[in-house]
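So the structure is just underneath, and the comments pick up after that.
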Amino acid sequence: MRKEEVMLGIKEIQEILPHRHPFLLVDKIEELVPGERATGYKAITYDESFFKGHFPGEPVMPGVLMIEALAQVGAVAILSMEENKGKTAYFGAINSAKFKKKVVPGDLLKLECEIIKRKGPIGVGKAVASVDGKPAVIAELTFAVGDSE
């Protein structure tokens with residue numbers, strides 16, 4: 001499989017994804033093979049709005065937001081394909097999600113999604129979020145590509 005090193009910042013990511021602050025959960029993409037895979041990062045800071053209530057005194061990134069961050073990286077991979085430009089990737093399913101490690105302020109969350117199946121507008125991504133090489137979340141994400149209207 002070919003590896004394509006790229007550097008997409010927030011502006012380039014926003015040209016692909018419809019998400020905006022505070023729900024854009026990817027800071028940069030450093031590897032992208034359209035339709036196949038993407039690797040991105042989210043720097044976890046103490047100022048994240050969700051830490052106010054999750055949990056007071058012990059800030060932990062909610063697992064569902066780690067899944068969403070993985071889905072956004074997978075969406076960059078699938079929406080970077082010429083035929084999907086300007087479309088939106090919607091969740092179809094979250095399968096086999098396992099939460100392995102707490103993610104806390106100061107962590108750099110590495111987000112990897114490999115598209116393992118595609119048929120028409122439906123696809124499946126194998127996704128792993130990790131901190132310092134240790135898995136925090138492993139899941140299989142099903143998506144459906146549709147028009148943004």
Side-chain angles (χ1 to χ4, degrees), residues 1 6-10 12-81 84 86-148:
M1 179 181 298
V6 297
M7 188 56 72
L8 302 182
I10 294 293
E12 294 86 4
I13 293 168
Q14 288 180 332
E15 289 173 10
I16 300 167
L17 298 180
H19 305 78
R20 297 295 180 261
H21 179 79
F23 210 69
L24 180 59
L25 299 174
V26 182
D27 295 327
K28 69 179 179 179
I29 298 288
E30 74 169 18
E31 178 188 342
L32 173 61
V33 179
E36 293 181 27
R37 65 177 293 109
T39 300
Y41 291 90
K42 168 72 176 152
I44 310 302
T45 67
Y46 188 76
D47 290 337
E48 306 288 350
S49 61
F50 49 79
F51 285 142
K52 292 177 191 165
H54 199 271
F55 299 100
E58 186 190 355
V60 175
M61 185 174 185
V64 69
L65 292 182
M66 288 187 276
I67 295 280
E68 174 62 29
L70 286 165
Q72 289 179 16
V73 168
V76 168
I78 211 70
L79 298 176
S80 293
M81 297 172 62
N84 291 334
K87 296 186 177 183
T88 300
Y90 299 98
F91 261 128
I94 301 167
N95 299 311
S96 306
K98 291 187 174 47
F99 300 93
K100 306 277 197 174
K101 175 183 182 349
K102 289 194 291 188
V103 174
V104 299
D107 285 345
L108 181 61
L109 192 61
K110 182 177 184 179
L111 304 158
E112 301 171 278
C113 188
E114 178 184 357
I115 308 304
I116 57 173
K117 246 189 272 187
R118 268 190 300 145
K119 185 171 184 179
I122 307 298
V124 177
K126 179 180 167 191
V128 178
S130 59
V131 176
D132 296 327
K134 296 179 182 132
V137 179
I138 299 168
E140 189 177 272
L141 308 175
T142 301
F143 60 86
V145 175
D147 292 325
S148 299

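Heavy atoms only: backbone and side chains are in, while hydrogens, waters and symmetry mates are out. Bear in mind the structure is a predicted one, so any value in this text is a computation, not a measurement.
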| message | According to side chain to side chain contact (heavy atoms under 4.5 Å, CB included), who are the partners of Lys126, at least two apart in sequence or on a separate chain? | response | Ile116
| Beyond-backbone contact of Val76 with Val26, side-chain heavy atoms, under 4.5 angstrom | no
| query | Are Arg118 and Ile78 close enough that some pair of their side-chain heavy atoms sits under 4.5 Å apart? | reply | yes
| Pairs involving residues 43-56, ordered by first then second residue, that meet salt bridge (Lys or Arg N to Asp or Glu O under 4.0 Å) (sequence neighbours left out) | Lys42-Glu48
| note | In short, Ile115 meets Gly74 closest at the heavy-atom pair CD1-O, 4.2 Å
| request: Side-chain contact test, heavy atoms from C-beta onward, threshold under 4.5 Å: evaluate it for Leu8 versus Ile16 and give yes or no. | output: yes
| note | For Lys117, the side chain to side chain contact (heavy atoms under 4.5 Å, CB included) test, sequence neighbours excluded, returns Val124
| said: I need the minimum non-hydrogen distance between Tyr41 and Leu111, along with the two atoms involved. | reply: C-CD1, 4.2 Å
| request: Might you point out which heavy atoms bring Leu109 and Ala129 nearest each other, and give the distance in Å? | output: CD1-CB, 3.9 Å
| request: Output the distance between atom CZ (Arg37) and atom CD (Glu112), rounded to the nearest 0.5 Å. | output: 6.0 Å
| Quick one: CG on Leu24 to CG on Leu17, what's the gap to the nearest 0.5 Å? | 6.5 Å
| message | Using a 3.5 Å distance criterion without hydrogens, assess whether the side chain of Arg20 forms a donor-acceptor pair with backbone atoms of Gln14. | response | yes
Would you list the atom pairs, donor with acceptor, under 3.5 Å between side chains in residues 59-71 and any protein atom, with sequence neighbours excluded?
from  : atom 1 : to    : atom 2 : distance (Å)
Glu68 : OE2    : His19 : NE2    : 3.4
Glu68 : OE2    : Gln72 : NE2    : 2.9

| Pairwise salt bridge (Lys or Arg N to Asp or Glu O under 4.0 Å) hits with a residue in residues 57-66, at least two apart | Glu58-Lys102
| field | Which residues share a side chain to side chain contact (heavy atoms under 4.5 Å, CB included) with Thr88, sequence neighbours left out | value | Pro18, Tyr90, Ser148
| message | If I compare all heavy atoms of Val103 with all of Ala136, which pair ends up nearest, and what's the gap? | response | CG2-CB, 3.7 Å
| task | Please round to the nearest 0.5 Å and tell me the distance separating atom OG of Ser80 and atom CD of Glu12. | result | 11.5 Å
| Excluding sequence neighbours, so at least two apart, what forms side chain to side chain contact (heavy atoms under 4.5 Å, CB included) with Glu15? | none
| field | Pairs flagged by salt bridge (Lys or Arg N to Asp or Glu O under 4.0 Å) wherever residues 127-142 is involved - sequence neighbours left out | value | none
| Which atoms form the tightest heavy-atom contact between Cys113 and Gly125, and what is the distance? | SG-CA, 4.0 Å
| note | Smallest heavy-atom separation, Phe51 atom then Tyr46 atom, equals CD1-O, 3.7 Å
| task | Begin from the C-alpha positions of Ile94 and Leu141 and carry the test side-chain contact (heavy atoms from CB on, under 4.5 Å) through to its verdict. | result | CA-CA 5 Å; Ile94 301 167; Leu141 308 175; 4.1 Å; yes
| query | OG1/Thr39 to CD1/Ile29 distance, rounded to the nearest 0.5 angstrom? | reply | 8.0 Å
